[in-house]
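For ligands, and for the atoms within them, numbers begin at 1 and follow the listed sequence.
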Amino acid sequence: MKRPVLACLALLAVSACLPAASQRRVPAVEYRNGHWFDGARFVDRTMWGVGDRFSETAPTGTGTVTVVDLRGGFVVPPYAEGHNHWLEPALVDAYIQTYLRDGVFYVQDQGTSPKSHDAMRAALGAPTSVDFVSAHQGFTGPGGHPMELIDQLAAMGILPADWATTHGEGEALFAVASEADVDRAWPKLLAGRPDFVKLFLVHSDEYAARRDDRTLTPRQRGLDPALVPAIVRRAHAANLRVSAHIEDAHDFHVAVAGGVDEIAHLPFVSADAPDAYLLDDADCEAAGRRKVSISTTFDFLGDAPGPRQLEVARANLRNLQRHGVLIAIGTDLFRQTPRVEVERIARFHLLTNLEILVAWAVTTPQVIFPGRKIGRLADRYEASFLVLGADPLRDPANLEHIVDRVKRGRAVVPGPETLPPLGR
Ligand SMILES: [Zn+2]
């Protein structure tokens, strides 16, 4: 090995711009003086990056090895967002920089229009950007959720104004009442190249009554539960995973029995009848057996949840964990990052500090990109990580104390762009 060259992380970004002649060999980096998260604890060790991958041993034959001193920092895999919606392609750079600042390198959009996704594709996935997957038009029932949100966002000028009359039909969702309706929508769905398929269950035990009750709003209606297996069959035949919006324990049962791969929410445990939202043990077991994942989206608790409401939310989480269901951090709050979700989880002690770190930095990335070697700081995994200034297992607030960010061997320095506050 040649004499090591000391460098700071920011210089790694510059080294990527060196002329091709000096890059004949794969660039290698030795990371010294870090505490590395091994999935359960922090271990003091030296790690190497060779090209865009980690090596647990010193590389040989790579020429100059750049040495980076991590100065006693705590190294964790980058964070991920399991449930949000990027609906504003004109602001994509502000979304990307905001997420990168918060250490979030991987994003799963649970539903944006194919046009919005196409307008953002060029900005996404680069070594210094966010890796992004998205569902497109979700399947709901006639007059169902999320039409009320589409109408609202169209009125705010965030979605196209004419969607206020179409409620986004064919662009943002498909309202279907039969398998024939699904078949009619299917070619248009696939033509937009979604990364996975979304469907909406809203108190599906009352599907027909709610569909026919004109006093209800779209917020209270969803897809016919009988159509779930038909949608899953078509999606899986097209190599697409399926994510289900659910609201109560029956929706969870319908989704799991129907073969979906992801659940987009924990049950929205209500303050007035919390016990009606307790998940069934057999459903949790069935979900765990198939390694189904679930996004937390604890916004339903608000800022002052009732004691029983909190107990039921905790009991559901424990039941899912006990059966091996994958707990993903998901926020589902417009123009927010999962930082607010993690803060809420920590504030109400819904997960331990270790469980928060594992969910955010290990499970969620692996749920979003099951085929990639991410979420671990180990041999041959992608050399992507965050350096924290203090131990997040002592205090989860340290998860936000990000000193450096590296993605696939290259330093990431977020730009200053921010998202405008709502109601601008
Ligand atoms: Zn959502």
Report the protein N/O/S neighbours of the Zn ion (ligand 1) that fall below 2.8 Å; do not count waters.
H83 NE2, H85 NE2, D332 OD1
Less than 3.5 Å apart, any donor N or O on the side chain of H203 or D251 sitting next to an acceptor on the other?
no
Could you work out, with side-chain contact (heavy atoms from CB on, under 4.5 Å) as the rule, every residue matching D299, not counting sequence neighbours?
L333, R344
Please find the pair of heavy atoms, one from T140 and one from L223, that lie closest to each other, and give the distance.
O-CD1, 3.8 Å
Can you find a side-chain donor-acceptor pair between E171 and T166 that sits under 3.5 Å?
no
In terms of side-chain geometry, is the basic nitrogen of R210 or D213 positioned less than 4.0 Å from the acidic oxygen of its partner?
no
For residues N319 and D281, is any side-chain donor paired with an opposing acceptor at under 3.5 Å?
yes
